Amino acid sequence: MEADQPRLTLRFDQEKAALRGIGADQVAQVVRIAEAGDEAGLLHAPQEPEDVPIRLRLSLAQRANPSEMQSIPLCAESAPIGDASDGSCVPLGEVTRIVRDVGEKSIYRKNMLPVVYVTGDVAGAQESPVYALLQLNKNLVP
């Protein structure tokens, strides 16, 4: 049986973002770059035989803690309706929130029926599974 696995979801608040002139595609792009990274260009190093890609991404420590992403600044793409945009930026945490819940469990099937796989390991004087199976076979066959 699987243990519960935590799942974190970043929820986009469309109303707050619209008031600040920030689009959902902009938020998605910033989160994707922060987590998976993106190529910013190529480094033309004379000692390298080929160009080296320059990849932007948050450090592993920052990616491991989702609240670290909440401070990434987002700048308005265009002026909100009825407001002259001054180009100010807001942190990602103002237009998103982190929702913590439990992830879905795997469902294993065989012949369209749900199954549960049971595995075991032998330990002790005879650690090889072959010896355990031979002993079991002797006990089963009269």
Side-chain angles (χ1 to χ4, degrees), residues 1-45 47-83 85-142:
M1 303 301 289
E2 286 183 33
D4 289 342
Q5 299 295 319
R7 180 176 68 178
L8 302 176
T9 306
L10 201 63
R11 296 280 183 199
F12 176 67
D13 189 335
Q14 199 167 13
E15 187 176 332
K16 285 183 183 178
L19 291 173
R20 290 166 176 79
I22 296 171
D25 56 339
Q26 183 182 4
V27 172
Q29 181 181 16
V30 166
V31 172
R32 182 184 51 79
I33 291 172
E35 286 292 322
D38 196 19
E39 282 193 27
L42 294 173
L43 173 66
H44 306 287
Q47 68 274 15
E48 295 292 329
E50 294 185 19
D51 295 336
V52 179
I54 301 170
R55 189 162 195 80
L56 297 176
R57 181 164 89 171
L58 289 178
S59 69
L60 182 60
Q62 291 173 314
R63 286 182 281 144
N65 186 2
S67 59
E68 290 280 333
M69 277 198 305
Q70 297 296 315
S71 62
I72 296 174
L74 293 170
C75 297
E77 290 179 336
S78 60
I81 298 173
D83 184 20
S85 177
D86 58 357
S88 62
C89 299
V90 296
L92 179 65
E94 283 196 26
V95 295
T96 61
R97 62 184 168 88
I98 297 174
V99 178
R100 299 175 190 275
D101 58 354
V102 178
E104 296 178 5
K105 296 186 188 281
S106 301
I107 299 175
Y108 299 103
R109 297 183 182 277
K110 183 172 181 175
N111 296 332
M112 303 292 284
L113 298 172
V115 297
V116 175
Y117 291 103
V118 179
T119 59
D121 196 6
V122 294
Q126 298 176 351
E127 291 190 16
S128 175
V130 174
Y131 298 123
L133 290 173
L134 290 173
Q135 184 63 35
L136 183 64
N137 193 26
K138 287 180 187 177
N139 293 340
L140 291 177
V141 178

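Numbering starts at 1 and runs along the sequence shown. Model, not experiment: these values are computed from the prediction.
The neighbour count for R97 CZ, taken as heavy atoms of other residues, nucleotides or ligands under 6.0 Å away, does not exceed 12.
Counting only distance, with no hydrogens or angles, the side chain of R55 and the backbone of A36 share a donor-acceptor pair below 3.5 Å.
The minimum heavy-atom distance between E68 and Q62, with the atom names listed, is CB-O, 3.6 Å. L42 and D51 make their closest contact through CD1-OD2, 4.0 Å (heavy atoms, listed as atom of the first residue, atom of the second, distance). Scanning both residues, A76 and I22, for their nearest heavy atoms gives CA-CG1, 4.3 Å. Residues P66 and A64 come closest through the heavy atom pair CD-O, 3.4 Å. Residues V95 and A17 come closest through the heavy atom pair CG1-CA, 3.7 Å. Scanning all heavy atoms of the two residues, the minimum distance from L10 to I98 falls at CD1-CG1, 3.9 Å.
The distance from atom CZ of R100 to atom CZ of R7, rounded to the nearest 0.5 Å, is 13.5 Å. From D101, atom CG reaches atom CD of Q5 across 12.5 Å, with rounding to the nearest 0.5 Å. Note that CZ of R20 is 8.5 Å distant from CG of D13, once rounded to the nearest 0.5 Å. Considering OG1 of T96 and CZ of R11, their distance stands at 11.5 Å, rounded to 0.5 Å. Put simply, NZ on K138 and CG on L136 are 11.5 Å apart, with the number rounded to the nearest 0.5 Å.
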Report all side-chain donor-acceptor pairs from residues 102-111 shorter than 3.5 Å, counting only partners two or more places apart or in another chain.
from : atom 1 : to : atom 2 : distance (Å)
K105 : NZ     : E2 : O      : 3.1
K105 : NZ     : D4 : OD1    : 2.6
S106 : OG     : E2 : OE2    : 3.0

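Residue pairs that meet the ring pair (Phe, Tyr, Trp, His ring centres under 6.0 Å) test with at least one member in residues 11-44, sequence neighbours left out, do not exist here.
Between R32 and Q29, the closest side-chain pair of non-hydrogen atoms falls below 4.5 Å. With contacts defined as side-chain heavy-atom distances shorter than 4.5 Å, the pair L58/I72 qualifies. Side-chain contact between L134 and V130: present, with at least one pair of heavy atoms (C-beta onward) separated by less than 4.5 Å.
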>> With side chain to side chain donor-acceptor pair (under 3.5 Å) as the criterion, how do Q70 and S67 come out once you've worked through the C-alpha distance, each side chain's angles and the decisive distance to 0.1 Å?
In response: CA-CA 5 Å; Q70 297 296 315; S67 59; over 6 Å; no

